[in-house]
Trainee: 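Mind looking over this structure? Questions follow.
Sequence lines set the chain letters: A, B, ... in the order given, protein chains first and strands last, and positions in each chain run from 1.
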2 protein chains.
Amino acid sequence: MKPKSVQTEPAAQRPLITDVKALVNSYPRVPITVDCVIFGFDGEELKVLLIRSDLEMYKGKWSLLGDFAEDNEELDDAAYRVLKTRTGMTNVYLDQVRTFSKPNRHPGGRVLTVAYCSLLNIQHHELKTLDNELHWHSVNSIKEMAFDHKEILDTCHQWLQKRIQEHPLGFNLLPEKFSLRELQNLYEAILGVQLDRRNFRKKFAAMGLLIDIGEMEQDVPHRPGKLYKFNFQKYEKNKRKWIGIDF
Amino acid sequence: MKPKSVQTEPAAQRPLITDVKALVNSYPRVPITVDCVIFGFDGEELKVLLIRSDLEMYKGKWSLLGDFAEDNEELDDAAYRVLKTRTGMTNVYLDQVRTFSKPNRHPGGRVLTVAYCSLLNIQHHELKTLDNELHWHSVNSIKEMAFDHKEILDTCHQWLQKRIQEHPLGFNLLPEKFSLRELQNLYEAILGVQLDRRNFRKKFAAMGLLIDIGEMEQDVPHRPGKLYKFNFQKYEKNKRKWIGIDF
DNA sequence: CCAAAAGTGTTCGGAATACACCCATGG
DNA sequence: CCATGGGTGTATTCCGAACACTTTTGG
């Protein structure tokens, strides 16, 4: 307990700090990484892009795409850099999900990582290099990973499941032109449920956010479906504030 | 571009790293802080706990409660430590919200901060010390803050607005026994809207998660309302998976 | 008896669900 | 003509929104 006088004279209780650099330098520092959970969709399954771990101790284990943050690099930029370096893609959906800070999560000492979720169109995408056996894995088949990457992947998958129901993210995983069947397959793959086809279509029809571009599917062994684009412009204009208690 | 042979021999393309400590040590390190946005509710308004900034350059400005992370301290623990040190409270709701990493966000050099949102019962709580003029501020009246703390506060407020509609967090801000009026005032204060009293009551009645404890409000200048507790146990048991596309 | 807020029900419209039939295409 | 999935409509149920009167307490 401090003397009473200190508590009752708030204005003068302590000298202000002037040397902020010295202050900051007096504290411990931590190496920071970003890890990107890059999801893709092949029309059937939700996929994630992984590499083999570089580390001897995780030999053979799969790992997320990540890197250490550079000096004075904002982490959004670092994640974007990882994405661009590994996939060659720019203009990709990317969002911060969560920071993982267990002191022993990295075998080389304390390393803090910020997880990012990224969605990219698996078709529009040529893997730039195949270093470290970079390739797509079915999300549901992944059992074990290097570091705490399985936990990070699970967190991002759950984040995506929730997010896709409230925001039009999913279109980042589809070609620009897509059929309603493809869209429904995407939702079913991500959410892990079966949806009623007619109600699904009605739902999206009622939203009024799909543009019928007057084209049809090609080369399908059955009646071809119409192709649509998502009306991002209209969505941005009408973004609504939703109030509704529900838990 | 690497030589083709490297790309087509994935198994042996690069030696595995054995000295992970050296690897980690070869990268830049960053000081880490946690900042706690501690919300409270006085029955009327949503409040947040702030102090005057320690720094000369932010003299007079308000600041969130935060601190640098210690060596090998998990950030959840660091946030909890800040909370406990400053308020004396334990057993407090705490959740990580987002990491802020702009390189110039701190005047003393690069400092990365992880924002936490905390909810505590303003009544059950005696401020342990009043160092740095620690006290409660009405969230809506805050205009300017030290560092990027206004941005962090806004982010956490929005996070809370969304979160409270989907999870029973709000009860952390109320006394253990509360009236429906208090509960409604809480929702209105956080969401910044007016809600219909009858529909609000019906909503919570239908959930079946409020326990009527058979007590009444005391010392009110009008008809006293019933007091309730929230049935956390039942909520945990029936937590449901919600599927419903809506954006 | 007056003020103030508690407590309660009904009606209405829109959305989610469940469900069945015809249509277009390729083989 | 058959297999496959596309495209559509309807009945029912449920939920949220709007809305008004009576009751209880303190002053």
Trainee: Starting the side chain at C-beta, find the nucleotide from C/dT8, D/dG6, D/dT23 nearest to A/R197.
Mentor: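 Per side-chain heavy atoms of A/R197, the pick is D/dG6.
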
Trainee: Would you say the side chain of B/R198 and the base of D/dA18 hold a donor-acceptor pair, judged only by whether the two atoms sit under 3.5 Å apart?
Mentor: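 Answer is no: no donor-acceptor pair is held.
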
Trainee: Can you tell which of C/dA6, D/dC19, D/dT4 lies closest to the side chain of A/H222?
Mentor: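 In terms of side-chain proximity for A/H222, the closest of C/dA6, D/dC19, D/dT4 is D/dT4.
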
Trainee: So that I can tick it off, tell me whether B/K150 and B/D154 are bridged by a salt bridge, with the cut-off set at under 4.0 angstrom between side-chain N and carboxylate O.
Mentor: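 Salt bridge present between B/D154 and B/K150.
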
Trainee: To the nearest Å, give me how far apart CD (A/Q184) and P (D/dG5) are.
Mentor: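 It works out to 13 Å between those atoms.
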
Trainee: Among C/dA15, C/dA6, D/dG7, which nucleotide has an atom closest to any side-chain atom of A/K203?
Mentor: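 The nucleotide sitting nearest to the side chain is C/dA15.
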
Trainee: How do A/K202 and A/P224 order along DNA chain D: which one's closest nucleotide is nearer the 5' end?
Mentor: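 Residue closer to the 5' terminus by nearest nucleotide: A/P224.
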
Trainee: With A/Y116 as reference, evaluate A/I38, A/D35, A/L75, A/I152 under the side chain to side chain contact (heavy atoms under 4.5 Å, CB included) test and give the passing residue.
Mentor: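 Of the listed residues A/I38, A/D35, A/L75, A/I152, the side chain to side chain contact (heavy atoms under 4.5 Å, CB included) partner of A/Y116 is A/L75.
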
Trainee: Mind calculating the distance between CZ (B/F178) and C1' (C/dA6) to the nearest angstrom?
Mentor: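 These atoms are roughly 16 Å apart.
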
Trainee: Rounded to the Å, how far apart are B/Q165 CD and D/dG16 P?
Mentor: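 Computing the B/Q165:CD to D/dG16:P distance gives 12 Å.
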
Trainee: Any donor and acceptor pair, going by atom type alone, linking the side chain of A/E188 with main-chain N or O of A/L195 inside 3.5 Å?
Mentor: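 The answer is yes, because a donor-acceptor pair under 3.5 Å joins these two groups.
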
Trainee: Given atom CG of A/D246 and atom P of D/dC15, what is their separation to the nearest angstrom?
Mentor: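 So the two atoms are 10 Å apart, to the nearest Å.
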
Trainee: Toward the 5' end of DNA chain D, which comes first, A/M216 or A/P221, by nearest nucleotide?
Mentor: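 Upstream on the strand: A/P221.
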
Trainee: Does a distance-only test, which skips hydrogens and angles, find a donor-acceptor pair under 3.5 Å between the side chain of A/R223 and the base of D/dT4?
Mentor: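 No.
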
Trainee: Relative to the 5' end of DNA chain C, which residue comes earlier, A/D196 or B/L180, by the nucleotide with the nearest heavy atom?
Mentor: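 Residue closer to the 5' terminus by nearest nucleotide: B/L180.
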
Trainee: More 5' along DNA chain C: B/I243 or A/V220, using each one's nearest nucleotide?
Mentor: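 The residue whose closest nucleotide sits nearer the 5' end is B/I243.
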
Trainee: Rounded to the nearest angstrom, tell me the gap between atom CD in A/E217 and atom C1' in D/dG6.
Mentor: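 Spelled out: CD on A/E217 to C1' on D/dG6 is 9 Å.
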
Trainee: So, does B/Y187 use its side chain to make a donor-acceptor pair with the main chain of B/I164 at under 3.5 Å?
Mentor: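 The answer is yes, because a donor-acceptor pair under 3.5 Å joins these two groups.
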
Trainee: From NZ of B/K226 over to C1' of D/dT23, roughly how many Å is that when rounded to an integer?
Mentor: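 Rounding to the nearest Å, NZ of B/K226 and C1' of D/dT23 are 13 Å apart.
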
Trainee: Between C/dT17 atom P and A/R201 atom CZ, what is the distance in whole Å?
Mentor: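 Distance, rounded to whole Å: 17 Å.
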
Trainee: Do any N or O atoms from the side chain of A/R52 and from the backbone of A/N132 form a donor-acceptor pair under 3.5 angstrom?
Mentor: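 No, because the side chain of A/R52 does not come within donor-acceptor range (under 3.5 Å) of the backbone of A/N132.
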
Trainee: Rounded off to whole Å, could you give me the CD-to-P distance for the A/Q194 and C/dT17 pair?
Mentor: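 Whole-Å distance recorded here is 15 Å.
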
